[in-house]
Structure formats: structure tokens, C-alpha cells
Amino acid sequence: MESMGDVLRSINNPTLRQRQRDLEQELFNHPLVKALQSEHPELDDSRLRLHMSRLYQYVEESRHCANCPGLEKCPNDFPGHFSKLTVESVNGSADLYERKTACRLKVAQDNQDSIRKRIRSFYVDERVLNGGYDEIDIMGKDPRRVSAVNKIFDYITSVKEDGLNSRGIYVHGTFGTGKTFLMCYLLHELAVAGYTGVIVYMPDFIEDLKSIMMDGQKMKETVDTMKNCDLLIFDDIGAENLNPWARDHVLGAILNYRMNRKPTFYTSNYPLDGLEKHLSFTSKDGEEIYKGQRLMDRIAPFVDVIPLHGENQRGTIR
């Protein structure tokens with residue numbers, strides 16, 4: 001370890017003092033610092049010298065940002081942020097202040113993170129939700145689904161302009177025409193607008209209820225989440241193997257709560273009359289037409305039906 005005498009001698013070293021003066025002059029001649037001085041002539045050189053470390057960091061981080069290597073490799077002291085200098089007057093004297101400011105990449109990442117937090121999925125592949133969406137691609141993928149896509153676009157625009165109402169959408173069509181993809185797009189776009197959403201893949205959800213029902217707290221939290229989110233999507237309804245308890249006490253309770261309150265959305269291979277037949281039959285009790293009708297009374301009056309035509313897109317690259 002150096003002695004105090006060595007430290008003092010290094011401070012008094014003429015070479016080091018000259019190097020310090022050269023660095024100071026180089027910093028003062030930097031275009032960013034000159035621009036700061038030009039914009040704030042009230043800052044004299046003596047005041048700026050008190051904040052040499054701030055000026056240096058300001059210049060260095062500006063250089064890093066100009067040659068940005070990406071958010072993951074950000075070399076700045078606080079990744080995703082840069083030093084922003086402001087001049088404020090305190091007690092009649094101008095002084096220099098530094099604030100860490102998020103860069104555009106960090107702002108974009110934070111926005112995406114906040115969007116993802118508004119969306120919750122049960123048994124739906126997260127890649128479908130987070131894969132990105134291109135309106136031109138959605139519209140142009142298959143001309144036969146243009147009418148359906150336009151109705152989805154119109155719904156999104158309406159909610160963004162006029163707010164959410166209790167009316168949802170029922171999309172039905174054959175396998176692989178993009179029903180889930182369109183609903184995920186709707187969910188994403190309205191999450192960007194600040195709405196919360198849940199998408200549930202019905203076959204796996206109904207199957208999993210057998211284990212969830214043994215945990216009363218988890219069951220309550222799951223049902224409450226579906227009841228209270230802004231947007232609820234039941235994906236592939238009609239493909240599940242229903243039992244009376246799941247139909248009447250879970251699905252029925254959720255729909256009974258949401259009708260006239262919040263919109264519920266559906267994708268299905270069945271049109272509405274086919275779904276009613278499906279909901280009227282359970283593996284345990286067989287056909288119970290009135291129970292199917294009872295559930296449909298909580299679905300059909302509260303949705304706009306959109307048939308989706310087109311080729312099976314599964315296995316193709318979007």
C-alpha cells in the first residue's frame with residue numbers, strides 16, 4: 001500500500017498535473033460541452049470545473065449511446081440509461097445537475113414488459129402471445145378471412161376510442177384458420193391500450209380442474225382472475241371433455257358474473273348451435289338439454305358471431 005507521502009508526491013507531480021489540464025481542456029472542447037455552455041452562458045468555467053466527473057460521464061455515455069451495442073450489452077453505469085444534464089438555479093446561482101434517463105430501447109422494453117404483465121394465459125403457448133404481430137400479414141395471409149379480420153380490427157378501434165363494453169366476440173371456423181392467433185392479437189392490442197386480459201385453452205383447463213378443485217385457494221384465485229379481468233378469452237371451447245361440475249359450477253359461475261359486466265370472447269370449431277349441443281352433454285350425466293341452453297343464455301346474447309374461413313395455416317411460417 002502506498003504511503004501518504006507517496007500519494008501527496010503523486011498529486012504534486014507536474015506531469016500528472018499537466019495531464020489533468022490536457023484532459024480538462026479536451027473535455028471543454030467537446031461539442032456536447034460547448035453546446036451546453038452555449039445554451040447556458042450562466043454556467044462559468046469555474047462552476048463547470050466543479051462537475052468534471054459529471055461532464056466526463058455525460059460525454060462518455062453519449063458516445064456509448066451513439067455506438068449502441070444493444071440493451072443487453074449496454075456499457076453505461078446504469079444499463080439502459082444515459083446521463084442527462086440540466087441547469088437549475090438555486091438561491092440565485094446556476095448549477096449543474098445529472099439525472100439518469102431511460103433510453104428508447106429501455107423505454108420500449110419496459111412498455112413490452114408492462115403489456116405482458118397485463119396478459120395472463122392458462123395453457124396457451126406464450127410464443128403465440130409474444131411473437132409479434134403484423135397487420136398487413138394478418139390481413140393478407142388468406143383473402144377469405146378478410147371480412148373476419150376487418151371485424152376484429154373494428155372492435156379493437158372501437159374499444160380504443162369509446163372504451164370497453166360488455167359485448168364480446170365468438171369466432172368459429174375449421175381447424176387452423178387462425179382463430180387463436182386473431183384473439184391473441186386482439187388481446188395484445190388492447191393490453192397496449194391498458195386493458196388486462198386472460199386467455200384460457202379450454203381442453204387443458206377443464207382437464208386440470210380435477211386437480212385444482214382439491215386446492216380451494218387456488219381454485220378461488222383462478223376463478224376470480226377470470227371473473228375480474230377486462231378481457232376473457234375461452235380458446236377452443238367445445239373441444240373439452242366436460243363434466244357437470246366444471247360446466248355448471250365453474251364455467252357457469254364465470255359467465256354469470258361477467259355477462260352485462262365485461263366482455264367474454266370465444267374461439268370454437270362449432271357454430272353457436274353446435275356449441276349448445278356440446279354443452280348439453282357431459283361424460284357423467286349424458287344429455288341435459290336445459291343445462292346447455294342455460295349456459296348458452298349467458299353466451300349467445302353477449303357476443304357478435306364472426307365466422308372465419310380460410311386454409312389450415314398450421315405448420316406454415318407466419
Side-chain angles (χ1 to χ4, degrees), residues 23-24 26-36 39 48 51-88 96-141 152-153 156 160 178 180-201 204 221 225 229-231 233 235 313-318:
L23 287 172
E24 181 181 288
E26 182 181 340
L27 193 58
F28 272 55
N29 287 332
H30 193 281
L32 288 175
V33 177
K34 282 188 169 295
L36 182 70
E39 187 176 350
L48 287 175
H51 300 293
M52 291 296 293
S53 61
R54 288 180 181 175
L55 291 175
Y56 178 78
Q57 188 157 15
Y58 170 58
V59 168
E60 277 295 284
E61 293 191 350
S62 296
R63 181 175 62 83
H64 293 159
C65 291
N67 300 281
C68 177
L71 200 54
E72 292 182 357
K73 297 180 180 179
C74 177
N76 290 348
D77 287 351
F78 191 10
H81 296 74
F82 60 90
S83 293
K84 184 175 183 179
L85 299 182
T86 60
V87 177
E88 299 176 16
L96 194 65
Y97 293 87
E98 177 190 21
R99 290 179 175 83
K100 293 297 183 183
T101 304
C103 71
R104 59 179 181 80
L105 295 181
K106 177 63 174 171
V107 170
Q109 183 189 68
D110 289 347
N111 286 340
Q112 286 301 312
D113 288 345
S114 95
I115 290 167
R116 291 188 186 101
K117 287 177 183 176
R118 296 188 194 114
I119 300 174
R120 184 170 178 182
S121 65
F122 290 89
Y123 316 103
V124 174
D125 191 340
E126 294 286 344
R127 290 173 296 180
V128 180
L129 290 167
N130 300 326
Y133 301 95
D134 184 317
E135 285 84 352
I136 297 175
D137 181 59
I138 291 171
M139 180 62 78
K141 182 64 78 173
I152 299 295
F153 286 175
I156 293 168
K160 288 181 177 179
T180 301
F181 182 76
L182 284 177
M183 285 294 98
C184 286
Y185 170 74
L186 178 145
L187 196 58
H188 178 271
E189 288 299 296
L190 293 181
V192 171
Y195 294 99
T196 61
V198 171
I199 182 167
V200 186
Y201 181 61
D204 287 351
E221 289 174 358
T225 297
C229 61
D230 295 326
L231 310 153
I233 299 171
D235 183 41
Q313 299 291 327
R314 288 178 184 161
T316 63
I317 298 175
R318 283 195 178 94

> Any chance NZ of Lys84 has more than 12 other-residue heavy atoms, nucleotides or ligands included, within less than 6.0 Å?
Replying inline: no
> Can you tell me if OH on Tyr97 sees more than 12 non-hydrogen neighbours from other groups inside 6.0 Å?
Replying inline: yes
> If you look at every heavy atom in Ile152 and Leu182, which pair is closest and at what distance?
Replying inline: CG2-O, 4.4 Å
> What residues, two or more places apart in sequence or in another chain, satisfy salt bridge (Lys or Arg N to Asp or Glu O under 4.0 Å) together with Glu72?
Replying inline: none
> Hey, what do you get for SG (Cys65) to CG (Asn76), rounding to the nearest 0.5 Å?
Replying inline: 5.0 Å
> If you round to the nearest 0.5 Å, how far is NE2 of His188 from OH of Tyr195?
Replying inline: 16.0 Å
>> Between Thr196 and Asp230 (side chain of the first, backbone of the second, donor and acceptor by atom type, cut-off under 3.5 Å), is there such a pair?
In response: yes
> Are the side chains of Pro69 and Pro75 in touch, meaning some heavy atoms are under 4.5 Å apart?
Replying inline: yes
> Where do Leu105 and Cys68 come nearest, in terms of heavy atoms and distance?
Replying inline: CD1-SG, 3.7 Å
> Cys103 versus His81: any side-chain heavy-atom pair under 4.5 Å?
Replying inline: no
>> Hydrogens and angles aside, do Arg99 and Thr86 bring a side-chain donor and acceptor to less than 3.5 Å of each other?
In response: yes
> What is the distance from atom OG of Ser62 to atom CG of Asn67, rounded to the nearest 0.5 Å?
Replying inline: 11.0 Å
> Side chains of Thr180 and Tyr201: does their closest heavy-atom pair fall under 4.5 Å?
Replying inline: no
> Does any pair with a residue in residues 55-76 pass ring-ring contact (aromatic ring centres under 6.0 Å, His included), and if so which ones, sequence neighbours excluded?
Replying inline: none
> If you look at every heavy atom in Phe82 and Ala102, which pair is closest and at what distance?
Replying inline: CE2-O, 3.9 Å
>> Quick one, Ser121 and Val198 - any side-chain contact, counting heavy atoms below 4.5 Å?
In response: no
> Less than 4.5 Å apart, any side-chain heavy atom of Leu96 and any of Leu55?
Replying inline: yes
>> Could you check whether any side-chain N or O of His30 sits under 3.5 Å from a backbone N or O of Phe28, counting only pairs where one atom can act as donor and the other as acceptor?
In response: no
> Counting only heavy atoms not in Glu26, do more than 12 fall under 6.0 Å of its CD?
Replying inline: no
> Are side-chain heavy atoms of Pro79 and Leu71 found at a separation under 4.5 Å?
Replying inline: no
> Looking at CZ of Phe78 and CD of Glu61, how far apart are the two atoms once the value is rounded to the nearest 0.5 Å?
Replying inline: 11.0 Å
>> With heavy-atom distances below 4.5 Å as the criterion, would you say the side chains of Asp235 and Met183 are in contact?
In response: no
> Below 4.5 Å, heavy atoms only, C-beta onward: do Leu85 and Leu36 meet side chain to side chain?
Replying inline: yes
>> Restricting to salt bridge (Lys or Arg N to Asp or Glu O under 4.0 Å), what partner residues turn up for Arg63, sequence neighbours left out?
In response: Glu60
>> side-chain contact (heavy atoms from CB on, under 4.5 Å), that's the test. Do Ile233 and Leu187 meet it? Break it down for me.
In response: CA-CA 9 Å; Ile233 299 171; Leu187 196 58; 4.2 Å; yes
> Do any N or O atoms from the side chain of Glu98 and from the backbone of Arg54 form a donor-acceptor pair under 3.5 angstrom?
Replying inline: no
